[in-house]
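Working notes for the structure below.
Here the structure is a predicted model, which is why all the values come from computation and not from measurement. FYI, the numbering just counts along the sequence from 1.
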Amino acid sequence: MIEIKVPELAESITEGTIAEWTVKTGDAIEKGETIAELETDKVNVEIKSDFSGVIQELLAEPGDNVVVGQVIAKLGEEGASAASDATPKEEAPKAEEAPKLEPAKEAAPAPVAEEKKASKSRTVASPAARKKARELGIDLDEVSYRDPMGRVRVEDVEAHNQAKNAPKAEAPSKQAAAPSKPAAAAPVQEDARVERIKMSRRRQTIAKRLVEAQHTAAMLTTFNEVDMTAVMDVRNRRKDAFFKKNGVKLGFMSFFTKAVIGALKSFPLLNAEIQGDEILLKKFYDIGVAVSTEEGLVVPVVRDADKLSFAGIEKEIGDLGKKARDNSLGLKDLQGGTFTITNGGIFGSLYSTPILNTPQVGILGMHTIQRRPVVVDDNDTVEVRPMMYIALSYDHRIVDGKDAVQFLVRVKQLLEDPEDLLLEG
């Protein structure tokens with residue numbers, strides 16, 4: 001019997017959740033074939049078999065948490081069961097001693113019954129439920145389940161155990177039984193009016209990291225606004241030629257990425273992180289770009305963005321965004337960013353305070369472009385211009401307010417003067 005284990009995933013990932021099995025017991029598989037999809041904190045990973053054979057047993061249910069190195073399935077060689085059945089038949093004539101044969105016949109029915117019972121338990125109960133049942137001394141065949149697929153889960157075992165012990169606690173007093181009736185009715189009302197949805201592992205990780213960022217960093221946000229007239233003018237004049245030459249549209253993200261890199265060069269502490277009592281200054285520019293997906297926000301990284309052209313940045317962002325929406329990002333696509341840009345403006349956000357993508361110490365928030373009257377010169381001339389609010393959240397532990405404000409002013413200057421932006425990079 002060959003054991004299939006959860007493979008090594010990445011240095012920072014030690015466990016995951018079985019999202020779904022792509023095979024079932026009895027299926028014949030080939031070496032390299034995908035047997036399950038594992039949901040980790042960052043991406044979904046396909047688990048492949050290193051051997052060919054027949055699936056004998058699946059040891060985890062969809063939704064179960066598993067750790068690296070844990071056995072999740074057992075694989076047998078094709079035809080092994082047939083060979084094992086043939087062996088006793090060939091050896092039977094040689095075993096002429098009757099006393100040895102008779103006990104075997106008498107003992108045979110008991111193991112068969114036990115095997116059927118165990119098999120039944122395995123097919124209808126999650127491993128956690130089986131463990132809980134063993135601890136409480138409960139027969140799984142007696143447990144009622146609510147899962148439409150017929151699986152017995154931990155909460156079913158616990159409910160059965162409570163119901164089993166409830167009469168003993170209530171027997172001494174009739175009055176004690178009265179309060180238990182409303183408690184029993186509560187879940188029925190909740191089921192009728194409320195849908196309970198288990199958070200995906202990725203959503204749990206997002207929630208955990210956002211709370212950690214609030215608790216571990218001295219986070220502060222400063223704001224400014226950018227007149228987008230010059231950028232929009234360059235974009236409108238050059239977008240057709242840009243697309244014809246590069247095969248990709250000229251968007252705002254390449255302008256903002258270049259502006260951020262220019263500002264990071266002037267204020268390097270925003271391209272750093274804290275490790276213990278030391279500051280780690282990074283002299284490379286891997287810019288994370290937040291992408292919204294159905295399962296939550298992910299931040300793939302544009303590597304060495306300072307070395308890429310406008311077209312290179314737009315292509316990289318487009319490719320990463322497509323992979324994020326197709327749920328095909330790899331771990332390497334998400335690791336090691338030095339600074340993050342998030343664009344709430346695509347959803348209509350006018351003003352917000354982005355949360356740090358720890359361990360980074362800075363994140364820039366873009367917002368929707370809104371035409372507003374603004375004063376444009378020293379003569380108090382008022383014009384209607386396309387304006388965007390921008391926000392910089394930073395870790396005040398190593399970034400002073402002065403540097404944060406000047407960083408944002410530098411981003412504003414570079415965007416409002418694209419020639420300066422081109423000279424930067």
Side-chain angles (χ1 to χ4, degrees), residues 13 15-24 36-47 58-67 72 121-133 136 138 140-166 179-215 290-299 321 324-329 334 342 344 346-349 352 354-355:
I13 298 178
E15 63 178 2
T17 301
I18 298 292
E20 65 172 333
W21 289 102
T22 57
V23 296
K24 60 182 183 295
E37 185 175 348
L38 187 71
E39 182 182 5
T40 71
D41 295 347
K42 297 180 178 180
V43 294
N44 283 18
V45 179
E46 291 182 345
I47 297 180
L58 302 178
L59 302 178
E61 298 283 349
D64 287 349
N65 292 334
V66 293
V67 298
I72 57 173
S121 297
R122 284 196 296 269
T123 58
V124 299
S126 68
R130 292 197 296 272
K131 180 180 178 182
K132 192 69 175 180
L136 298 175
I138 293 174
L140 284 174
D141 293 338
E142 299 175 357
V143 178
S144 299
Y145 53 83
R146 290 175 292 178
D147 191 315
M149 300 300 293
R151 290 187 294 266
V152 176
R153 297 197 177 274
V154 173
E155 53 267 30
D156 299 324
V157 177
E158 291 176 343
H160 178 83
N161 185 55
Q162 290 177 0
K164 181 179 179 182
N165 297 328
S180 65
K181 292 182 180 179
V188 177
Q189 294 179 359
E190 182 183 358
D191 290 344
R193 298 180 299 168
V194 179
E195 181 181 4
R196 188 182 297 274
I197 302 174
K198 183 178 179 181
M199 292 173 65
S200 67
R201 174 172 287 272
R202 190 171 305 162
R203 174 56 64 184
Q204 292 178 48
T205 301
I206 291 172
K208 180 181 177 182
R209 286 175 61 85
L210 292 178
V211 172
E212 285 179 352
Q214 296 273 27
H215 289 172
V291 178
S292 178
T293 69
E294 291 184 1
E295 294 193 14
L297 199 70
V298 293
V299 188
R325 289 184 288 272
D326 293 342
N327 201 25
S328 60
L329 285 171
L334 300 167
T342 180
I346 59 176
F347 303 110
S349 173
S352 67
I355 298 178

Least distance between heavy atoms, A213 atom then I355 atom: CB-CG2, 3.9 Å
Heavy atoms only: give me the nearest T342-P354 pair and the separation to one decimal. CG2-CB, 3.9 Å
V291 to R325 - nearest heavy-atom pair and separation: CG1-NH1, 4.4 Å
Ignoring hydrogens, what is the shortest heavy-atom contact between H160 and E142? Give both atom names and the distance. CE1-O, 3.4 Å
In chain order, what residues pass the side chain to side chain contact (heavy atoms under 4.5 Å, CB included) check against V66, with sequence neighbours excluded? V6, I18, L38, A60, Q70, I72
Test of understanding: with side chain to side chain contact (heavy atoms under 4.5 Å, CB included), list the residues that count as partners of I346, not counting sequence neighbours. N343
Residues at least two apart in sequence or cross-chain that pass salt bridge (Lys or Arg N to Asp or Glu O under 4.0 Å) with E46, listed by chain then number, are K48
Could you pull out all residues at least two apart from S352 that satisfy side-chain hydrogen bond (donor to acceptor under 3.5 Å, both in side chains)? H367
Between A19 and P62, which heavy-atom pair has the shortest distance, and what is it? O-CB, 3.9 Å
Could you tell me which non-hydrogen atom of T22 sits nearest to which non-hydrogen atom of A36, and how far apart they are? OG1-N, 3.6 Å
Gap separating the CG atom of L334 from the CG atom of L329, nearest 0.5 angstrom: 5.0 Å
Sorted by chain and number, sequence neighbours left out, salt bridge (Lys or Arg N to Asp or Glu O under 4.0 Å) with K198 holds for none
Counterpart residues, side chain to side chain contact (heavy atoms under 4.5 Å, CB included), relative to E20 (two or more places apart): E37
Can you tell me how far the CG atom of D156 sits from the CD atom of E158, to the nearest 0.5 Å? 9.5 Å
